[in-house]
Amino acid sequence: MSVIAAIATPRGTGGISVIRISGEDTFELCNGIFTPTSTKKRPSEMEGYTCAYGKITDGGEYIDDCVLTVFCAPKSYTGEDVAEISCHGGIFVTNRILQLIFRNGAVPAEPGEFTKRAFLNGKMNLIQAEAVMNIISAEGRASHCCAAALKQGAIFGNIDAVAKKLLGLLGELGAWVDYPEEDIPEVESGEMLSVLEESASALEKILRDYDSGKIIREGVDTVIVGKPNVGKSTLMNLLSGCERSIVTDIAGTTRDIVEESVTLGDIVLRLSDTAGIRKAEDIVEKFGVERANAKLDAAELVLAVFDNSEPFNEEDEEICKRCEGKKCIALINKTDKEQSLDVGHIEKTFEKVIYISARSGEGTHELEAAICGLFGTDGLNYNEGILANERQRLCVQNSLNAIKEAVFALNDGYTLDAVNILIDEAENYLLELTGEKVSEAVVNEVFSHFCVGK
């Protein structure tokens, strides 16, 4: 394979930038551009997992001081010879060194190509490779724990155990189907059913937590709605931890949608503070209300805010109607004031009703618990591993479907060669999941979502 190179750190001004190089001739390339000052050894003579301080030069012209770290094949991230150049973090100097590397024989790395080479060289399976990107994109403790568990082999261990059971059945069935003239005892259907049912149960358990895991990884599109002046913007600021929305006693202050990502417990809420929903005469406020209604319709979670200090009115009733059929939590705000709100209709409409004071923060923990319960994340064991994406879910689901068809075929008296075909299909889906038997198109699609330099 050709030598590839890319900047592995975010583009911008900072303390250092790291340029990663991988391929068979990596160290020879570094010999031509790096002069060590802390050692007499050239890059090609250095031992793996060692560093050297020196300078990068271009035809005798000094470019920058840097630290060169070498990783010798196969004990490197990609399984190839790898070098990392840590230089000063300026945009110009980093790009200058990268262009010098290209002129000396390297080619630009494609998105995810370093991890792709790690997969192709057997350093990790496809589930672990996808976990790398999830670790990078994790926005909270829970999403990081899920990704780290996958990287450590949590799901792979469970999938591999099922795959080995199926492979054992295929071996027994294959011998009996392919060599009918030999005196090979027929595989007991009861034994096969037991193995298939155990395998199906294991795959069902893996699939069970997928939707909740998706919430942990991707967050929840959440909208705050209510009539004007009920405390929506104060709630937005409370959850954001900063003055994100303007708060006044004047109704209709919020005209446009204010958005912010906030972490509540283990869930990231992609939060939108909207204009108060009412019949607006002002044309600008009217546009704001229309946008608020559109956000409410598209949201995965609605936080409907009601004013504890004001009587329930037609505008509150309209909010209740708009929330029907959606995942909603009613928030009775301003509990620090004397109650004038009749909450009877609200409690009949909403499954979850939380009493809060957005001004003081009272009720925040109850809101957090309600959201976790609503999306089923409160009972998740992140260390067991949760499927990371739709590709993985589909592989497991297809394998489970084939196993269930095999069980049906056995119970319905189908021939063993038909059962063998179904079990083989189930096994192939699991091998596609781990990358042990996967098309080049699938591999390319997986790594196309990675960032350059990883």
Next item on the list: Kindly say whether Ile91 contributes a backbone atom to a donor-acceptor pair with the side chain of Thr13 at under 3.5 angstrom?
Entry: no
Note to self: Working to the nearest 0.5 angstrom, can you tell me the gap between Asp266 CG and Ile216 CD1?
What the structure shows: 5.5 Å
Item checked: Side-chain donor/acceptor of Thr222 to backbone N/O of Val220, under 3.5 Å -> yes
Note to self: Quick one, Ile423 and Leu196 - any side-chain contact, counting heavy atoms below 4.5 Å?
What the structure shows: yes
Margin query: Could you go through Lys116 and Asn444, starting from their C-alpha distance and side-chain angles, then the distance that decides it, and tell me whether this counts as side chain to side chain donor-acceptor pair (under 3.5 Å)?
Written below: CA-CA 9 Å; Lys116 181 179 180 180; Asn444 290 338; 2.6 Å; yes
Check: Is there a side-chain contact between Lys151 and Ile135 (heavy atoms, below 4.5 Å)?
Finding: yes
Checklist line | 4.5 Å side-chain heavy-atom contact, Leu431 and Val438 | finding: no
Note to self: Test side-chain contact (heavy atoms from CB on, under 4.5 Å) on Ile136 and Phe450; report intermediate values, then the result.
What the structure shows: CA-CA 10 Å; Ile136 294 171; Phe450 278 56; 5.9 Å; no
Check: Should we say atom NZ of Lys205 is surrounded by more than 12 heavy atoms from elsewhere, each under 6.0 Å from it?
Finding: no
Next item on the list: Considering only NZ, NE, NH1 and NH2 on the basic side and carboxylate oxygens on the acidic side, decide whether Glu113 and Arg20 come within less than 4.0 Å.
Entry: no
Notebook entry, point to check: How far apart are the C-alpha atoms of Gln128 and Asn125, what are their side-chain angles, what is the distance that settles it, and do they pass the side chain to side chain donor-acceptor pair (under 3.5 Å) test?
Noted result: CA-CA 5 Å; Gln128 291 174 309; Asn125 59 57; 3.2 Å; yes
Next item on the list: Would you please test Asn333 and Leu235 for side-chain contact (heavy atoms from CB on, under 4.5 Å) and show each step?
Entry: CA-CA 9 Å; Asn333 188 30; Leu235 176 64; 5.9 Å; no
Atom pairs and distances, donor-acceptor, side-chain atoms in residues 360-369, under 3.5 Å, two or more places apart:
residue	atom	partner	partner atom	Å
Ser360	OG	Ser357	OG	3.1
Ser360	OG	Glu362	N	3.3
Thr364	OG1	Gly361	O	2.6

Checklist line | Closest heavy-atom pair and its distance - Gly79, Ala73 | finding: O-CB, 3.3 Å
Checklist line | Side-chain heavy-atom pair Ile16, Thr9 within 4.5 angstrom cut-off | finding: no
Next item on the list: State whether the side chain of Thr335 and the backbone N or O of Ile356 hold a donor-acceptor pair below 3.5 Å, judged by distance alone.
Entry: yes
Next item on the list: Looking only at non-hydrogen atoms, find the nearest pair between Asn229 and Asp307 and report the distance.
Entry: O-OD2, 3.8 Å
Checklist line | Residue pair Glu260 / Met236, side-chain heavy-atom distance below 4.5 Å | finding: yes
Next item on the list: May I have all residue pairs that pass ring pair (Phe, Tyr, Trp, His ring centres under 6.0 Å) and include part of residues 63-113, sequence neighbours excluded?
Entry: Tyr49-Phe71
Notebook entry, point to check: With a cut-off of 6.0 Å (strictly less than), are more than 12 heavy atoms of other residues, nucleotides or ligands near CD of Glu351?
Noted result: no
Note to self: If you compare all heavy atoms of Asp342 against all heavy atoms of Phe312, which two are closest, and at what distance to 0.1 Å?
What the structure shows: O-CB, 3.9 Å
Notebook entry, point to check: Short question: side chain of Lys232, backbone of Val305 - any donor-acceptor pair under 3.5 Å?
Noted result: no
Next item on the list: For residues Lys337 and Arg359, determine if any side-chain heavy atom of one lies less than 4.5 Å from a side-chain heavy atom of the other.
Entry: no
Margin query: If you define the side chain from C-beta out and look only at heavy atoms, does anything of Val82 sit under 4.5 Å from Phe114?
Written below: no
Indicate every side-chain donor-acceptor pair of residues 388-396 with a distance under 3.5 Å to a residue at least two apart or in another chain.
residue	atom	partner	partner atom	Å
Asn389	OD1	Arg391	N	3.2
Asn389	OD1	Gln392	N	2.9
Asn389	ND2	Glu130	OE2	2.9
Glu390	OE1	Tyr210	OH	3.4
Glu390	OE1	Arg393	NE	3.1
Glu390	OE2	Arg393	NE	3.0
Glu390	OE2	Arg393	NH2	2.6
Arg391	NE	Glu130	OE2	3.1
Arg391	NH1	Glu432	O	3.2
Arg391	NH2	Glu130	OE1	2.9
Arg391	NH2	Leu433	O	2.9
Gln392	OE1	Ala388	N	2.8
Gln392	NE2	Glu130	OE1	2.6

Next item on the list: I would like to know whether Met1 and Leu120 meet side-chain contact (heavy atoms from CB on, under 4.5 Å); could you show each step before the answer?
Entry: CA-CA 11 Å; Met1 287 186 175; Leu120 295 173; 4.0 Å; yes
Notebook entry, point to check: Are there more than 12 heavy atoms of other residues, nucleotides or ligands under 6.0 Å from atom CD of Glu24?
Noted result: no
Margin query: Using a 3.5 Å distance criterion without hydrogens, assess whether the side chain of Asp316 forms a donor-acceptor pair with backbone atoms of Asn313.
Written below: yes
Notebook entry, point to check: Would you call Ile19 and Ile97 a side-chain contact if the rule is heavy atoms closer than 4.5 Å?
Noted result: yes
Next item on the list: To the nearest 0.5 angstrom, please state how far the CD atom of Glu436 sits from the CZ atom of Phe156.
Entry: 5.0 Å
Notebook entry, point to check: What closest approach, in Å, do Phe350 and Val353 show between heavy atoms, and which atom pair accounts for it?
Noted result: O-CG2, 4.0 Å
Checklist line | Main-chain N/O of Leu387 paired to Lys214 side chain as donor or acceptor, under 3.5 Å | finding: no
Margin query: Tell me if a side-chain donor or acceptor on Ser448 pairs with a main-chain N or O of Glu445 at a distance below 3.5 Å.
Written below: yes
Check: Between Ile346 and Ile332, what is the shortest heavy-atom contact and its length?
Finding: CD1-CD1, 3.9 Å
Check: Do Cys451 and Met133 pass the side-chain contact (heavy atoms from CB on, under 4.5 Å) test, and can you show the C-alpha distance, the side-chain angles, and the key distance before you say yes or no?
Finding: CA-CA 8 Å; Cys451 53; Met133 197 62 221; 4.3 Å; yes
Item checked: Over all atoms of both residues, closest heavy-atom pair of Lys165 and Val195 -> CB-CG1, 3.9 Å
Note to self: If we ignore hydrogens and angles and just use 3.5 Å, is the side chain of Asp81 paired with the main-chain N or O of Thr26 as donor and acceptor?
What the structure shows: no
Notebook entry, point to check: Counting heavy atoms not belonging to Lys55, are there more than 12 under 6.0 Å from its NZ?
Noted result: no
Check: Where does the angle between the aromatic ring planes of Phe447 and Phe119 fall among parallel (under 30°), tilted (30 to 60°) and perpendicular (over 60°)?
Finding: tilted
Margin query: Within this structure, what is the CD1-SG distance for the pair Ile56 and Cys30, rounded to the nearest 0.5 Å?
Written below: 7.5 Å
Check: Atom CG in Asn134, atom SG in Cys146: separation rounded to 0.5 Å?
Finding: 9.0 Å
Margin query: Could you measure the distance from the NZ atom of Lys123 to the OG atom of Ser76? Nearest 0.5 Å is fine.
Written below: 6.0 Å
Check: Sub-3.5 Å donor-acceptor pair from the side chain of Asp209 to the main-chain atoms of Ile386, do we have one?
Finding: no
Check: Measuring from Ile21:CD1 to Thr78:OG1, what's the distance to the nearest 0.5 Å?
Finding: 11.5 Å
